[in-house]
Student: 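Attaching a single structure in C-alpha cells format; questions to follow.
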Amino acid sequence: MTRRIVVLNGPNLNLLGTREPHIYGSSTLADVEALCARAAGEHDLQVTCRQSNHEGVLVDALHEAAADEEVVGVVLNAGAYTHTSVALLDAVRATDLAVVEVHLSNPHARESFRHTSYLSPVAVAVIAGAGVHGYRYAIDLLATRRE
Ligand SMILES: O=C(O)[C@@H]1C=C(O)[C@@H](O)[C@H](O)C1
C-alpha cells in the first residue's frame, strides 16, 4: 500500500506568486506543490495536491480523502473559507481524517475577520505564518504522528 498525504489549497491560492507577495510570498502554487512532494518523499509517502476556488469541490476532496485508506492525512489551506465554511468544518467532522490547517500568513496578525477559523477546532494542528515552510512542517507532522 502506497501511503499518501493529500494537500488541499482553497480559493485564490492558484494566484500564489503574484497575489499580494508581501503577504503570501513569491512562491507559486507549483512551487508549493513541488515542496510538498519532496517533503512527502522524505517520508516515503506520495502526495496528491489539489486546488479549488469552490467550496463544494474542497468538501468533495475531503470526502474522497477520507474514503481512501492509503491517505494518512490532509494538509488544508482553505484560504478564505477558513473563516466562513461550516461545510468544510462538517466535512472534517464527518470523517476521521487527520487534518493539519496551514496558512502562509499569520491570520491573527491581520484583519479581525481572519482571526476566526471554523477549521481549527477539528484540526490536529494549526501552522500559520511560516510561509511555504508550513506545508513541510504539516507533512512532517502527519508523516510521523501516531494515531
Ligand atoms: O495565509 C494564508 O495562506 C491564508 C490564505 C488566504 O487566501 C486568506 O483568505 C487567509 O485569510 C489566509
Side-chain angles (χ1 to χ4, degrees), residues 4-40 43 45-68 70-147:
R4 281 188 304 122
I5 287 177
V6 173
V7 178
L8 298 180
N9 280 294
N12 301 301
L13 292 165
N14 53 305
L15 301 179
L16 286 178
T18 57
R19 175 197 180 196
E20 298 180 279
H22 60 291
I23 296 174
Y24 299 107
S26 57
S27 296
T28 66
L29 179 60
D31 294 333
V32 169
E33 294 180 347
L35 176 155
C36 290
R38 287 194 303 274
H43 297 281
L45 294 171
Q46 297 289 316
V47 69
T48 299
C49 296
R50 298 182 66 178
Q51 184 279 331
S52 180
N53 296 324
H54 307 283
E55 189 176 15
V57 171
L58 295 170
V59 168
D60 289 346
L62 287 169
H63 293 177
E64 289 165 23
D68 185 337
E70 292 185 348
V71 173
V72 301
V74 176
V75 177
L76 174 60
N77 183 345
Y81 290 140
T82 303
H83 315 301
T84 62
S85 180
V86 176
L88 286 173
L89 164 62
D90 287 347
V92 177
R93 276 216 172 109
T95 69
D96 62 353
L97 277 173
V99 173
V100 176
E101 177 184 348
V102 170
H103 302 291
L104 292 152
S105 69
N106 175 8
H108 299 288
R110 301 179 62 193
E111 304 96 328
S112 59
F113 63 79
R114 299 185 198 271
H115 298 175
T116 299
S117 167
Y118 279 79
L119 300 175
S120 295
V122 292
V124 296
V126 180
I127 301 170
V132 299
H133 304 293
Y135 288 87
R136 169 179 287 277
Y137 301 151
I139 288 170
D140 288 347
L141 173 62
L142 289 171
T144 57
R145 72 188 286 273
R146 292 292 169 259
E147 296 293 334

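As the structure is a computational prediction, the values presented were derived from the model and not from experiment.
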Student: Does the side chain of N77 reach to within under 4.5 Å of the side chain of H103, using non-hydrogen atoms?
Tutor: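 Sidechains of H103 and N77: in contact.
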Student: Testing the basics here: between A138 and V102, what is the closest heavy-atom pair and its distance to 0.1 Å?
Tutor: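 Shortest heavy-atom contact: CB-CG2, 3.7 Å.
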Student: Keeping the roles fixed (side chain from S85, backbone from T82), state whether a donor-acceptor pair exists under 3.5 Å.
Tutor: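 Pair absent, no side-chain N/O of S85 close to backbone of T82.
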Student: Nearest 0.5 Å please: distance from the CG atom of D90 over to the CG atom of L62.
Tutor: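 Here the rounded value is 11.5 Å.
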Student: Shortest non-hydrogen contact from D31 to S26?
Tutor: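 So the minimum-distance heavy-atom pair works out to OD2-O, 4.5 Å.
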Student: Between N53 and N12, is there a donor-acceptor pair closer than 3.5 Å when you use the side chain of the first and the backbone of the second?
Tutor: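 Pair found, side chain donor or acceptor close to backbone of N12.
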Student: If we ignore hydrogens and angles and just use 3.5 Å, is the side chain of H54 paired with the main-chain N or O of P11 as donor and acceptor?
Tutor: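 The answer is no, because no donor-acceptor pair under 3.5 Å joins these two groups.
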Student: Please find the pair of heavy atoms, one from I23 and one from S105, that lie closest to each other, and give the distance.
Tutor: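 The pair with the smallest heavy-atom distance is CG2-CB, 3.9 Å.
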Student: Which value, rounded to the nearest 0.5 Å, describes the distance between Q51 atom CD and N14 atom CG?
Tutor: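 Reported to 0.5 Å precision, the distance equals 4.0 Å.
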Student: Is there a side-chain contact between V7 and E33 (heavy atoms, below 4.5 Å)?
Tutor: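 No, too far: nothing below the 4.5 Å cut-off.
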Student: Atom NE2 of H115 and atom CZ of R110: how far apart are they, to the nearest 0.5 Å?
Tutor: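 One gets 9.5 Å once the value is rounded to the nearest 0.5 Å.
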Student: Can you pull the salt bridge (Lys or Arg N to Asp or Glu O under 4.0 Å) pairs that have at least one residue in residues 121-138, sequence neighbours excluded?
Tutor: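 Listed by first then second residue: E42-R136.
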Student: Between CG of L104 and NE2 of H133, what distance do you get to the nearest 0.5 Å?
Tutor: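 One gets 10.5 Å once the value is rounded to the nearest 0.5 Å.
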Student: What heavy-atom pair brings A125 and L141 nearest, and what distance separates the two atoms?
Tutor: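 Distance-wise, the nearest heavy atoms are CB-CD2, 3.4 Å.
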Student: Taking the side chain from H83 and the backbone from S117, do they hold a donor-acceptor pair closer than 3.5 Å?
Tutor: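 No, because the side chain of H83 does not come within donor-acceptor range (under 3.5 Å) of the backbone of S117.
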Student: Quick one: are R19 and L13 in side-chain contact, heavy atoms under 4.5 Å?
Tutor: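 R19 vs L13: side chains touch.
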Student: Please evaluate residues L15 and Y24 with respect to the criterion side-chain contact (heavy atoms from CB on, under 4.5 Å), reporting the C-alpha separation (whole Å), side-chain torsions for both, the decisive distance (0.1 Å), and the verdict.
Tutor: CA-CA 10 Å; L15 301 179; Y24 299 107; over 6 Å; no
Student: Output the distance between atom CG (L119) and atom CG (L89), rounded to the nearest 0.5 Å.
Tutor: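 Output value for this atom pair is 6.5 Å.
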Student: Quick one: closest heavy-atom pair of L88 and A78, and the distance?
Tutor: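 Looking at all heavy atoms of both residues, the closest pair is CD1-CB, 3.9 Å.
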Student: Which residue pairs pass the salt bridge (Lys or Arg N to Asp or Glu O under 4.0 Å) test when at least one of the two sits in residues 53-64, sequence neighbours left out?
Tutor: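 Found R50-E64.
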Student: Do other residues, nucleotides or ligands put more than 12 heavy atoms under 6.0 Å from the OH atom of Y118?
Tutor: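 No.
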Student: Of all the heavy-atom pairs spanning L8 and A61, show the shortest one and how long it is.
Tutor: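 Shortest heavy-atom separation between L8 and A61 comes out as CD2-CB, 3.7 Å.
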Student: At what distance, to the nearest 0.5 angstrom, does CG of N9 lie from CG of L76?
Tutor: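 Reported value, rounded in 0.5 Å steps: 8.0 Å.
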Student: Going by side chain to side chain contact (heavy atoms under 4.5 Å, CB included), I5 matches just one of T48, V72, V100, V74. Which one?
Tutor: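 So, applying the side chain to side chain contact (heavy atoms under 4.5 Å, CB included) to I5 and each of T48, V72, V100, V74, only V72 qualifies.
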Student: With sequence neighbours excluded, tell me which residues meet salt bridge (Lys or Arg N to Asp or Glu O under 4.0 Å) with E70.
Tutor: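 Testing E70 for salt bridge (Lys or Arg N to Asp or Glu O under 4.0 Å), a comparison that skips the adjacent residues, returns R4.
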Student: Check the surroundings of atom NE2 in H63: do more than 12 heavy atoms from other residues, nucleotides or ligands lie under 6.0 Å from it?
Tutor: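 Yes, because the 6.0 Å sphere around NE2 of H63 holds more than 12 heavy atoms from other groups.
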